[in-house]
Each structure stands twice: as structure tokens, then as C-alpha cells.
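Everything quoted here is computed from the prediction, not taken from an experiment.
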Amino acid sequence: MKPRFSLVAKSMEKLRGKTVLVLGGSGALGSLITSALIANGAQVMATTTANEKGDLIPSAASPRLLLNLEVAESIEVLVNYLIQSGAKIDGIVNATGLVAFGPASELSIASLNRLSAVNLTGPIALISGLLPALRSSAQAGNEPFIVNISGVVAESPMAGLAAYSATKAGLWAFDQALSREVRKEGIRVIDARPGHTETGLASRAIAGIAPAFPTGMAPGWVADRIVSAILNGETDLPSTAFAS
């Protein structure tokens with residue numbers, strides 16, 4: 001298990017007074033990212049898929065928002081609420097995700113649709129809809145950012161994880177193209193590709209059974225590494241960036 005990543009102290013002021021939206025703030029990794037952002041001075045709005053999971057979001061995060069990336073109406077409602085209310089958004093961190101195991105030939109259409117919605121099309125729709133808020137942040141002199149966690153499978157697709165790998169590789173491709181589109185507007189896009197992390201996601205697969213993975217990285221290490229990248233102006237976090 002790796003030690004917690006040491007954040008660079010003099011960079012911490014970069015988040016003070018900034019507002020960050022964390023998608024999946026009630027999750028194992030998302031809650032840690034939320035806490036790290038708050039510890040560095042950010043105001044965090046965090047999402048969860050259900051009211052009963054709201055208590056899993058760190059208490060200092062506010063407001064707590066409902067978002068189901070599998071439901072187009074849920075995305076539309078949240079985007080409209082944030083844009084029409086004039087909510088300040090200086091950053092978006094997408095810490096959501098679903099996984100499914102097994103041969104591609106055994107994956108049901110229903111599971112494929114769920115993977116695609118949560119890992120790819122839902123985040124694309126939400127981020128695209130919130131770009132006006134990030135543009136406003138840039139125009140106000142801030143340094144807005146977007147973080148998507150595509151994971152190591154975007155670099156090295158795995159057998160038995162074909163559909164999952166495809167959705168994450170698609171998210172990586174979206175990040176590359178979006179970065180080129182918004183860079184001139186002062187918006188930074190960071191794609192993070194950590195390896196297997198002990199968040200418990202594998203045990204919550206929507207299909208199939210996880211293979212015997214070796215012990216993964218500590219979620220706290222991964223969360224701190226991502227926040228460090230935000231603080232220090234990094235634009236890409238390949239799998240090698242998570243090595244000790």
C-alpha cells in the first residue's frame with residue numbers, strides 16, 4: 001500500500017474560494033477527493049445517485065445533489081438547475097463509474113447500456129451542458145478544470161473487460177478532443193488513468209465476477225494524486241503518474 005501523496009503546500013491557495021462539482025461524491029474515491037478538495041480550501045458541491053446515500057458525502061460538502069447518469073432527465077434537470085441558478089463552478093471532477101466482467105459475447109444489452117451511460121455518454125452530456133459555467137469562471141480570471149477518471153484500461157484494454165475498457169477509452173478520447181476545444185478558453189482538461197484501486201468497485205460489478213486482482217492502490221493515494229494534479233497545473237495523469 002502506498003503512502004498518502006504529499007500535496008504541495010504553496011499550491012494549496014489555488015483552490016481557496018473556488019467551487020468544485022464532484023460527480024459521485026458519495027463513492028469510495030469521490031468522497032476522498034471531496035475531502036481533499038475541501039481541505040485545500042474549495043467549496044464542494046457533490047452528487048449522489050440516491051437520497052439514502054447522501055450521508056456518505058463528506059458533511060462539509062454543500063449542496064448535495066441528486067444525479068443518475070443513466071437517466072437523461074436527471075442530467076438535464078441538474079444542468080438546468082446549475083446554469084439557470086447561476087451557480088459558480090470552477091471545476092468538475094467525475095468520480096463515477098460502473099464495471100462489468102466477462103467475455104463480450106456474454107454481456108447483455110442492458111448491461112452494455114448501463115456501462116455506456118454511466119462511464120461515457122452521461123458524463124459527456126453533463127460536462128458539455130456545464131461548459132457555460134466553466135467559461136464564466138475563466139472569464140472571471142479563474143483557472144477552471146475538468147477531471148475525468150478513465151483508468152488504466154483506457155491505455156491497455158483488458159480481455160474480460162472489453163465493454164468496460166471501450167467505455168473508458170471513449171472517455172479518454174473525449175478528454176483529448178475536448179481539451180483541444182476548450183484550451184483556448186482557459187479551461188484545463190485532465191484525464192486520470194490510475195490502475196486497479198481498492199474502492200470495492202469490482203465487488204459491485206453489474207455483470208460477471210471479478211478475477212483475482214492483485215492488491216490495488218489505496219484510494220487515498222489516488223485521490224490525493226488527482227488533487228495534486230489540479231493544484232499543480234498538470235494536464236494529464238497516465239498510469240505511470242500513480243507510481244510511487
Side-chain angles (χ1 to χ4, degrees), residues 1-2 4-5 22-37 46-50 52-58 67-71 92-104 106-108 110-124 126 147-172 174-175 190-227 237-239 241-242:
M1 181 179 293
K2 294 181 174 65
R4 295 296 293 273
F5 195 85
V22 176
L23 311 180
S26 61
L29 185 57
S31 61
L32 289 168
I33 292 173
T34 296
S35 292
L37 290 168
T47 76
T48 184
T49 56
E52 56 267 26
K53 294 182 179 181
D55 288 343
L56 298 176
I57 297 174
L67 173 66
N68 185 344
L69 291 170
E70 297 181 54
V71 180
I92 300 172
V93 179
N94 172 24
T96 63
L98 289 179
V99 68
F101 298 101
E106 296 179 5
L107 189 68
S108 69
S111 293
L112 178 59
N113 287 341
R114 291 190 67 194
L115 283 176
S116 298
V118 174
N119 295 346
L120 181 60
T121 58
I124 287 176
L126 186 83
V147 179
N148 276 313
I149 304 171
S150 63
V152 68
V153 293
E155 296 177 352
S156 303
M158 293 179 60
L161 282 167
Y164 175 71
S165 298
T167 59
K168 290 297 191 173
L171 187 63
W172 172 86
F174 171 72
D175 286 340
I190 307 168
D191 186 272
R193 301 183 295 284
H196 174 55
T197 304
E198 296 294 337
T199 61
L201 179 64
S203 66
R204 300 188 296 274
I206 63 171
I209 299 173
F213 288 119
T215 301
M217 290 181 286
W221 162 267
V222 174
D224 282 352
R225 183 66 186 88
I226 290 170
V227 173
L237 282 176
S239 57
F242 293 88

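Using a distance-only test at 3.5 Å, with no hydrogens or angles considered, a donor-acceptor pair links the side chain of R225 to the main chain of A241. Although no hydrogens or angles enter the test, the distance criterion places a donor-acceptor pair under 3.5 Å between the side chain of T47 and the main chain of G24.
For the atom pair OG of S156 and CG of L161, the computed distance is 12.0 Å after rounding to the nearest 0.5 Å. How far CG of L120 is from CG of L115: 10.5 Å, rounded to the nearest 0.5 Å. The OG atom of S31 sits 9.0 Å away from the CD1 atom of I57 when rounded to the nearest 0.5 Å. The CD1 atom of I149 sits 9.5 Å away from atom CG of L171, with the distance rounded to the nearest 0.5 Å. Rounding to the nearest 0.5 Å gives a distance of 7.5 Å between OG1 of T215 and NE2 of H196. Atom CE of residue M158 and atom CZ of residue F101 lie 8.0 Å apart, to the nearest 0.5 angstrom.
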- Task: Under the side-chain contact (heavy atoms from CB on, under 4.5 Å) rule, what do L126 and L67 come out as? Steps first, then yes or no, please.
- Result: CA-CA 10 Å; L126 186 83; L67 173 66; 4.1 Å; yes
- side-chain contact (heavy atoms from CB on, under 4.5 Å) between L23 and V93, worked out: CA-CA 6 Å; L23 311 180; V93 179; over 6 Å; no
- Message: T96 vs T49, test: side-chain contact (heavy atoms from CB on, under 4.5 Å). Steps then yes/no.
- Response: CA-CA 10 Å; T96 63; T49 56; over 6 Å; no
- Task: Kindly determine whether I226 and L237 satisfy side-chain contact (heavy atoms from CB on, under 4.5 Å), including the steps that lead there.
- Result: CA-CA 8 Å; I226 290 170; L237 282 176; 4.2 Å; yes
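For the pair W221 and F242, the tightest heavy-atom approach, listed with the atom from each and the gap, is NE1-O, 3.1 Å. When all heavy atoms are compared, the tightest approach of A46 to G25 is CB-CA, 4.0 Å. Nearest heavy atom pair, residue V22 against residue G30, reads CG1-O, 3.9 Å. Residue E198 comes nearest to P214 through the heavy atom pair OE2-O, 4.1 Å, listed as atom of the first residue, atom of the second, then distance. The two residues A36 and V227 have their closest heavy-atom pair at CB-CG2, 3.7 Å. Heavy atoms only, all atoms of each residue included: A95 and I33 are closest at CB-CD1, 4.4 Å.
With sequence neighbours left out, the salt bridge (Lys or Arg N to Asp or Glu O under 4.0 Å) criterion links D175 to no other residue. The side chain to side chain contact (heavy atoms under 4.5 Å, CB included) test applied to S239 returns V152, E155, not counting sequence neighbours.
In summary, the side chains of N148 and D191 do not present any donor paired with an acceptor at a separation below 3.5 Å, with no hydrogens or angles considered. Between the side chains of S111 and S108, at least one donor N or O lies within less than 3.5 Å of an accepting N or O.
In this structure, N113 places its CG atom where more than 12 heavy-atom neighbours from other residues, nucleotides or ligands lie under 6.0 Å away.
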Counting only pairs under 3.5 Å, give me each side-chain donor-acceptor contact of residues 200-207, with atom names and distances, residues two or more places apart or in other chains.
unit_1, atom_1, unit_2, atom_2, d
S203, OG, G200, O, 2.6
R204, NH1, T199, O, 3.4
R204, NH1, G200, O, 3.1

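The side-chain heavy atoms of V222 and L29, taken from C-beta on, include a pair separated by under 4.5 Å.
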